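Proteins get letters first, then strands, A, B, ... in listed order; numbering begins at 1 in each. Quick caveat, the model's predicted, so the values are computed rather than measured.
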Number of protein chains: 2
Amino acid sequence: MTANLNGIRSAASKGFFPWFLTQEIDVLCVQETKAQQHQLSEQILAVPGYVSLFEDAEKRGYSGVALYARIAPDRVHRGIGLADLDAEGRYLQADWGNLSIASFYAPSGTSGAERQAQKERYMERLTTMFGEMLADQRQYILCGDMNIAHTTRDIKNWRSNQNTPGFLPHERAWLDHVFDDIGICDAFRAVDQRDEQYTWWSMRANARANNVGWRIDYHFVTPNLRASVREAIITPQPFFSDHAPLIITYDLDLPTHQPHYPPLGLTS
Amino acid sequence: MTANLNGIRSAASKGFFPWFLTQEIDVLCVQETKAQQHQLSEQILAVPGYVSLFEDAEKRGYSGVALYARIAPDRVHRGIGLADLDAEGRYLQADWGNLSIASFYAPSGTSGAERQAQKERYMERLTTMFGEMLADQRQYILCGDMNIAHTTRDIKNWRSNQNTPGFLPHERAWLDHVFDDIGICDAFRAVDQRDEQYTWWSMRANARANNVGWRIDYHFVTPNLRASVREAIITPQPFFSDHAPLIITYDLDLPTHQPHYPPLGLTS
DNA sequence: CGTAGTATG
DNA sequence: CATACTACG
């Protein structure tokens with residue numbers, strides 16, 4: 001499951017974690033924790049049956065990603081190698097044997113040219129990383145909020161948003177390149193071709209009730225996992241955030257679904 | 001009526017003005033509007049049957065007093081003659097013939113020595129003004145939040161608050177001086193000798209439910225009005241703010257209770 | 001604890 | 001429009 005929670009504390013106060021525990025999830029990738037680990041309650045730090053990992057922004061109340069897993073990873077990687085963006089808590093990867101899963105959060109470009117430039121630096125770095133991921137033969141699932149809708153069926157009002165960051169022609173072309181040229185798989189689209197399958201709705205103007213949304217949250221997977229993608233589910237209910245969680249089920253031979261990882265409180 | 005509304009917009013959203021209109025009030029003095037006039041809705045600016053006057057802080061969202069009256073005053077005075085404190089919107093006086101009514105808001109000293117020093121400058125200036133008011137023979141009613149509880153019966157936990165700004169020995173002694181030496185009348189105490197008659201409760205720790213309060217809101221009246229004080233009522237219900245409105249009824253010969261001042265929208 | 005402001009999205 | 005942080009009380 002990947003979920004931009006728009007404040008992990010806010011989502012927790014709306015019952016996210018009790019609901020999450022009903023979903024039988026092996027790995028949860030969270031974006032926009034908007035908190036530093038020292039500010040988190042036990043309910044958030046020590047989810048029964050999971051190890052939790054946090055990659056916080058240096059700036060309080062801003063950005064930040066997390067990853068919860070039933071099985072403790074062998075190794076953890078933080079950041080994408082760009083110091084300023086890494087200080088914003090935007091990439092956290094866990095490795096289990098041949099499999100890596102990451103929680104990523106691309107910058108939003110909606111607050112101005114400077115942030116759009118940072119978003120594009122993040123995109124460029126991902127381009128390089130995707131190439132390396134394909135080359136090293138391991139299996140990768142990058143889960144997160146890319147802040148880009150791909151095609152006209154991934155956004156309600158595509159015409160009026162052609163000049164809006166998140167649906168700019170060159171952003172969409174970058175996703176074309178990632179999927180068509182590099183060969184990364186959009187796991188949702190591997191199994192679901194329907195339109196109006198959105199993962200984010202503006203909080204303004206009743207956008208969610210009218211399903212005026214965008215599909216900007218993804219599982220980016222290496223082609224060696226394409227055949228393993230079994231099912232994709234967006235869960236807009238219950239409401240925890242302006243984003244809906246996206247659950248993708250993979251057929252994998254890894255012991256990622258042990259009945260219960262002992263709740264050892266291994267919170268880092 | 002005097003009421004520290006701790007945000008006039010917040011109080012309005014809780015229904016303060018509809019309730020106020022049921023109370024048959026001639027003059028309303030408001031403190032802590034926490035807004036500038038240009039931010040106010042018509043519901044707040046144009047209360048039917050009243051003229052409204054606002055004395056805002058220069059700093060947005062901070063302090064500010066207002067005065068509503070059934071009868072338009074002959075003259076309005078703003079500030080106490082101390083430029084820095086006057087920039088915080090802490091004094092607004094309206095005159096009708098021989099009668100003046102003011103809405104005042106003394107600085108709080110609870111956030112540090114610097115603010116306590118400002119509070120004491122405000123107190124000193126009031127001392128001078130009280131002397132002048134007695135000398136000029138007019139009738140004065142100064143309504144507002146003094147941020148000082150007078151005696152041990154004006155505060156729940158007097159022992160533990162002897163070192164707390166708002167109940168410091170020299171603050172209490174200043175009120176002794178104002179009442180006993182200068183001759184200003186505490187209109188509430190002119191007609192009500194009960195203890196536990198509080199006008200403010202901390203918003204923390206369930207203080208209001210347990211009536212852990214302070215009487216820090218006053219009508220300060222010149223001695224030529226003492227005999228006119230008929231009744232004092234604190235209205236802790238309904239809840240609009242951390243302060244309760246204080247209503248004092250005066251027997252006066254002035255036309256302050258015309259059935260309805262025409263709602264002309266005279267909002268300044 | 002609660003009303004404001006601010007940044008950020 | 002919503003989650004944060006901050007100031008102030």
Side-chain angles (χ1 to χ4, degrees), chain A residues 4-14 16 30-36 39-40 56-64 88-90 105-112 114-116 118-119 145 147 164-166 200-209 212 214 216 239-243, chain B residues 4-14 16 31-36 39-40 56-64 88-90 105-112 114-116 118-119 145-147 164-166 200-210 212 214 216-217 239-243:
Chain A
N4 179 320
L5 293 182
N6 190 24
I8 198 169
R9 288 170 292 180
S10 169
S13 76
K14 295 170 187 159
F16 175 77
V30 173
Q31 300 84 41
E32 283 206 271
T33 56
K34 291 193 172 193
Q36 291 164 342
Q39 300 173 296
L40 300 180
D56 301 336
E58 289 176 3
K59 178 173 172 175
R60 289 161 48 90
Y62 178 68
S63 187
E88 295 181 356
R90 296 188 174 277
Y105 174 44
S108 166
T110 55
S111 37
E114 200 170 290
R115 294 307 297 169
Q116 180 66 25
Q118 293 294 64
K119 180 178 187 176
D145 176 0
N147 270 317
T164 307
W200 175 79
W201 302 262
S202 168
M203 286 185 278
R204 303 173 215 197
N206 234 19
R208 191 152 180 167
V212 178
W214 302 46
I216 60 178
F239 179 99
F240 301 114
S241 152
D242 53 342
H243 293 250
Chain B
N4 179 319
L5 292 182
N6 188 26
I8 198 169
R9 287 170 291 179
S10 169
S13 76
K14 295 170 188 159
F16 175 77
Q31 300 85 41
E32 283 205 270
T33 56
K34 292 193 172 193
Q36 290 164 343
Q39 300 173 294
L40 299 180
D56 300 336
E58 289 176 3
K59 179 173 172 175
R60 288 162 48 90
Y62 179 67
S63 187
E88 295 181 354
R90 296 188 175 277
Y105 174 44
S108 166
T110 55
S111 37
E114 200 169 289
R115 294 306 297 167
Q116 180 66 25
Q118 294 293 66
K119 181 178 186 175
D145 176 359
M146 192 62 232
N147 270 316
T164 307
W200 176 78
W201 302 261
S202 168
M203 285 185 279
R204 303 175 214 195
N206 234 21
R208 191 152 182 167
N210 300 319
V212 178
W214 302 46
I216 60 178
D217 298 275
F239 178 98
F240 301 114
S241 153
D242 53 342
H243 293 249

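- Comparing C:dG9, D:dC8, D:dA4 against the side chain of A:R9 picks out D:dA4 as the nearest.
- Rounded to whole angstrom, the span from the CZ atom of A:R90 across to the P atom of C:dG9 amounts to 7 Å.
- If you measure from atom CH2 of B:W214 to atom P of D:dG9, you get 15 Å, rounded to the nearest angstrom.
- Heavy-atom minimum distance, B:Q36 versus B:D56: CA-OD2, 3.2 Å.
- Under the 3.5 Å distance criterion, the side-chain polar atoms of A:N6 are left unmatched by any main-chain donor or acceptor of A:S241.
- Out of D:dG9, C:dT6, C:dG9, the shortest distance to the side chain of A:R115 is found at C:dG9.
- In this structure, B:F240 places its CZ atom 16 Å from P of C:dG2, rounding to the nearest Å.
- Between the CG atom of A:L5 and the C1' atom of C:dG9 there is a distance of 15 Å, given to the nearest Å.
- With distances taken from any side-chain atom of A:R60 to the nucleotides D:dA7, D:dC5, D:dG9, the minimum falls on D:dC5.
- Only one option out of B:D145, B:D217, B:D242 pairs with B:N4 in a side chain to side chain donor-acceptor pair (under 3.5 Å); it is B:D145.
- Using a 4.0 Å cut-off, some side-chain N or O of A:Q39 falls inside it from OP1 or OP2 of D:dC5.
- Taking only side-chain nitrogens and oxygens, B:S111 comes nearer than 4.0 Å to OP1 or OP2 of D:dG9.
- Crowding of A:Q39 atom CD: a count of heavy atoms from other residues, nucleotides or ligands under 6.0 Å exceeding 12.
- Residue A:Y105 has no polar side-chain atom (N or O) positioned under 4.0 Å from OP1 or OP2 of C:dG9.
- Between the side chain of B:S63 and the backbone N or O of B:E88 there is at least one donor-acceptor pair closer than 3.5 Å.
- Distances from the side chain of B:T110 to the nucleotides C:dT8, D:dC5, D:dG9 place D:dG9 closest.
- Comparing atom distances between the B:K14 side chain and each of D:dA4, D:dC1, C:dT3 picks out C:dT3 as nearest.
- Among the atoms of the strands shown, none is found under 4.0 Å from any heavy atom of B:Q31.
- Atom CG of B:D56 is separated from atom P of C:dG5 by 12 Å (rounded to the nearest Å).
- With C:dG5, C:dG9, C:dT8 as the candidates, the nucleotide lying closest to the side chain of A:K59 is C:dT8.
- Set against C:dT3, D:dA4, C:dG5, the side chain of B:N6 has C:dT3 as its closest nucleotide.
- Toward the 5' end of DNA chain D, the nearer of the two residues A:N206 and A:G61, judged by each one's closest nucleotide, is A:N206.
- Taking side-chain N and O atoms only, B:S108 has no distance below 4.0 Å to OP1 or OP2 of D:dG9.
- Between A:E32 atom CD and C:dA7 atom P there is a gap of 18 Å when expressed in whole angstrom units.
- Within the 4.0 angstrom heavy-atom criterion, no nucleotide atom of any strand lies near A:K119.
- Spacing between atom CG of A:N4 and atom P of D:dA2 amounts to 15 Å, rounded to whole angstrom units.
- Across the protein-nucleic acid pair, B:E58 atom CD and C:dG5 atom C1' stand 17 Å apart, rounded to whole Å.
- When atom types are taken as modelled, the side chain of B:K34 and the backbone of B:S10 share no donor-acceptor pair closer than 3.5 angstrom.
- Note on A:Y62: every side-chain N or O is 4.0 Å or more away from OP1 and OP2 of D:dT3.
- Relative to the side chain of B:K34, the nucleotides C:dT3, D:dG9, D:dT3 differ in distance, and C:dT3 lies closest.
- Here A:A205 lies in heavy-atom contact (under 4.0 Å) with sugar-phosphate atoms only.
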